[in-house]
Amino acid sequence: MTTTQICIMGTIILYLCFVIFTGVMIGRRSKKSAEGFYLGGRGIGPLVTAMSAEASDMSSYLLMGIPGLAYLSGVADASWTAIGLAAGTYLNFLLVAKRLRRYSVKLDAITIPSFISKRYGEKRPVIMCISALIILIFFVPYVASGLAAIGKLFNSLFGWDYMTAVIIGAIVIISYTSIGGFSAVATMDLIQSVIMTVALAIIVVFGIVQAGGMDAVLNHARALPGFLAFTETYNVSANSAEPYGLIRIVSMMAWGLGYFGMPHILVRFMAIRDENELQLSRRIASVWVVISMGVAVFIGIVGHAVSAAGRIPFLEGSATETVIVRLSDLLSGYGIFPAIVAGCILAGILAATMSTADSQLLAAASAFSENLVQDVFGVKLTERQTMLIARLTVVVIAVIALFLAADPDSNVFQIVSFAWAGFGATFGPAILCALFWKRSNRQGIMAGLVAGGAMIFIWKFLVKPLGGIWNIYELLPAFLVACVVIAAVSLATQKPDGEIEKIFDEMRAG
């Protein structure tokens, strides 16, 4: 192992040790209750709320997916996706956050399934069961994709055995998540978002220098047909521009709809200490997401110019997602200190992956231990038993995800895309109707959850392969179908009883 690799590995190991130590220390001070474990005792501040929500959302897509898209085909794909995600972030904070915080406190709900169930006054926990199963179906493979990304990172950097790297990543995430719960996860997400931001800033500056300056970067991008256009995309094999039509634009922007249904993001709103602080959280989150994704797109442009300058090889296919890794490797060749900086950048990729996996792991654990074990199956547990089951569930779900991550050839971002669509099309319409439509009822929500989930599979595997106008990201049609089904079934069945409508009116009036 070279001196450079030792510096990079040492930096990453120090980061992992810091993560474990910080998580354990926070866990020792956390409130020892289910609300403390899953919501941090509803005492999270506005900065942690904002940055935790964004860090748990972005995952390695920010540092690998978006730059890779921009490198491969220009700004169109990456930018329209980023615009959709930025709009979704802002609207989620603006429309959903305050009402969900207020409503969940009123109903004493600490998970998304329990909120939806209590909102509609369920006597038998059918919605609770469906919601918990949806979370487990989509989150377990989602966590597995994060572990797979960690395995691929260490395998490509140091030649480590893939499964060994996956196991190490799982142990680190399990340690601070199972001990510290939500408080540890949220605080670590804040720290990891800072590391991600620093990584983006350093790599874009370094890349510009390696490409020969800003003029060289822009001149190279302009020379590639369609590379800088929003209505065209660059075809590398033909070295020509291709039209980027309205259907593709709408399909990429549809990613923003997913925010309304992400359980690991929505619980951040429920956990803030004061609903009036959500305005500050919205501003922080919106500014950060716009800047960070804009920089991520620009890194793809810069990376292509660095390849043209002969500093890194030209990347093709899925290898384009490693552009930041390649730039970091180039940086590490300039000496010990640059190698340490490169280690920090690679720790940023690791941070991006871990900040999503820990939140998803906690959400999946809450769905099983709180909603299925206690609410659906009616198992009565003491506070101490609840905490024990919660921690054991984190471990068990992580182990299942570890086995699902055993295939090193799995496509991480296809899994992420599918799971994002699954949550957006099921919980998104349900949450919006629960918060804004008094006439929606239990039967409508139940039907919408099932219809949205079913349409994700139908569109993904039966309709989308037809191509042409049907080649739309499955989230959009499934989201619309779920909304229509909720409306139709709610209007065709009996309206909610007076007590449910009374609570709704109180929440709407503030």
Side-chain angles (χ1 to χ4, degrees), residues 34-35 37-40 42 44 46 48-59 85 87-120 127-128 130-132 134-136 138-139 142 181-182 185-186 189 255-273 275 277-278 281-282 285-286 289 355-356 358-367 370-371 419-436 445 448-449 452-453 475 479 482 507:
E35 186 181 63
F37 190 78
Y38 291 124
L39 285 184
R42 298 190 196 267
I44 306 300
V48 175
T49 297
M51 299 311 297
S52 175
E54 294 315 303
S56 65
D57 148 42
M58 286 301 168
S59 72
L85 291 173
T89 296
Y90 180 80
L91 292 174
N92 204 26
F93 270 94
L94 179 67
L95 301 176
V96 173
K98 183 176 286 190
R99 285 199 179 198
L100 181 59
R101 168 57 165 79
R102 184 185 306 157
Y103 224 144
S104 64
V105 171
K106 175 70 175 179
L107 298 175
D108 191 28
I110 63 174
T111 67
I112 295 302
S114 65
F115 165 72
I116 299 174
S117 178
K118 291 179 179 181
R119 157 67 176 87
Y120 292 100
I127 291 178
M128 183 91 73
I130 294 173
S131 300
I134 288 173
I135 286 177
L136 292 174
F138 287 110
F139 259 155
Y142 210 154
F182 185 86
V185 165
D189 285 350
W255 275 77
L257 289 174
Y259 278 103
F260 299 120
M262 293 297 132
H264 59 300
I265 297 175
L266 295 175
V267 292
R268 266 69 184 167
F269 305 152
M270 297 164 62
I272 197 167
R273 65 192 175 202
E275 66 177 55
E277 293 180 326
L278 283 165
S281 296
R282 182 177 75 240
S286 299
V289 77
S355 63
T356 301
D358 57 17
S359 300
Q360 294 164 347
L361 192 56
L362 199 61
S366 69
E370 279 290 311
N371 303 132
W420 183 270
F423 286 123
T426 52
F427 288 122
I431 289 292
L432 291 174
C433 288
L435 297 177
F436 291 97
I445 295 298
L449 288 170
L475 171 55
F479 187 96
M507 294 303 101

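- For R102, the salt bridge (Lys or Arg N to Asp or Glu O under 4.0 Å) partners two or more places apart in sequence, or in a different chain, are E275.
- A search for side chain to side chain donor-acceptor pair (under 3.5 Å) contacts involving R119 returns Y103, not counting sequence neighbours.
- The side chain to side chain contact (heavy atoms under 4.5 Å, CB included) search around S117 returns E122, M128, not counting sequence neighbours.
- Counting only heavy atoms from C-beta outward, the side chains of P46 and R273 approach each other to under 4.5 Å.
- You'll find the side chain of F479 reaches within 4.5 Å of the side chain of L257, heavy atoms only.
- Scanning both residues, L475 and A421, for their nearest heavy atoms gives CD1-O, 3.6 Å.
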Please tabulate, for the side chains in residues 263-272, all donor-acceptor contacts under 3.5 angstrom to protein atoms that are two or more places apart in sequence or on a different chain.
| residue | atom | partner | partner atom | Å |
| --- | --- | --- | --- | --- |
| H264 | NE2 | S56 | O | 3.4 |
| R268 | NE | S52 | OG | 2.7 |
| R268 | NH1 | H264 | O | 2.7 |
| R268 | NH2 | S52 | OG | 3.0 |
| R268 | NH2 | D189 | OD2 | 2.7 |
| R268 | NH2 | S359 | OG | 2.7 |

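- Taking the side chain to side chain donor-acceptor pair (under 3.5 Å) definition, one finds that S281 meets it with nothing, sequence neighbours left out.
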Just do the side chain to side chain contact (heavy atoms under 4.5 Å, CB included) check on F260 and I431 with the steps written out, would you?
CA-CA 7 Å; F260 299 120; I431 289 292; 5.7 Å; no
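- Residues meeting the side chain to side chain contact (heavy atoms under 4.5 Å, CB included) test with A87, sequence neighbours left out: none.
- Here F423 pairs with F138, F139 under the ring pair (Phe, Tyr, Trp, His ring centres under 6.0 Å) rule; sequence neighbours left out.
- Scored by the side chain to side chain contact (heavy atoms under 4.5 Å, CB included) test, A367 finds A132, I135, N371 as partners (sequence neighbours excluded).
- K106 contributes no side-chain N or O that, together with a main-chain N or O of M507, makes up a donor-acceptor pair within less than 3.5 Å.
- G424 and P429 make their closest contact through O-CD, 3.3 Å (heavy atoms, listed as atom of the first residue, atom of the second, distance).
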Please tabulate, one pair per line, all N/O donor-acceptor pairs under 3.5 Å involving side-chain atoms of residues 88-100, not counting sequence neighbours.
| residue | atom | partner | partner atom | Å |
| --- | --- | --- | --- | --- |
| T89 | OG1 | L85 | O | 2.9 |
| T89 | OG1 | Y259 | OH | 3.2 |
| N92 | ND2 | Y259 | O | 3.1 |
| R99 | NH1 | L435 | O | 2.7 |

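- In this structure the side chain of I110 never reaches within 4.5 angstrom of the side chain of F115, judged on heavy atoms.
- Here the side chain of R282 pairs no donor or acceptor atom with the backbone of E277 at under 3.5 angstrom.
- Taken to the nearest 0.5 Å, the OG atom of S131 stands 11.0 Å off from the CG atom of L136.
- By the side chain to side chain contact (heavy atoms under 4.5 Å, CB included) test, T426 pairs with I134, L449, sequence neighbours left out.
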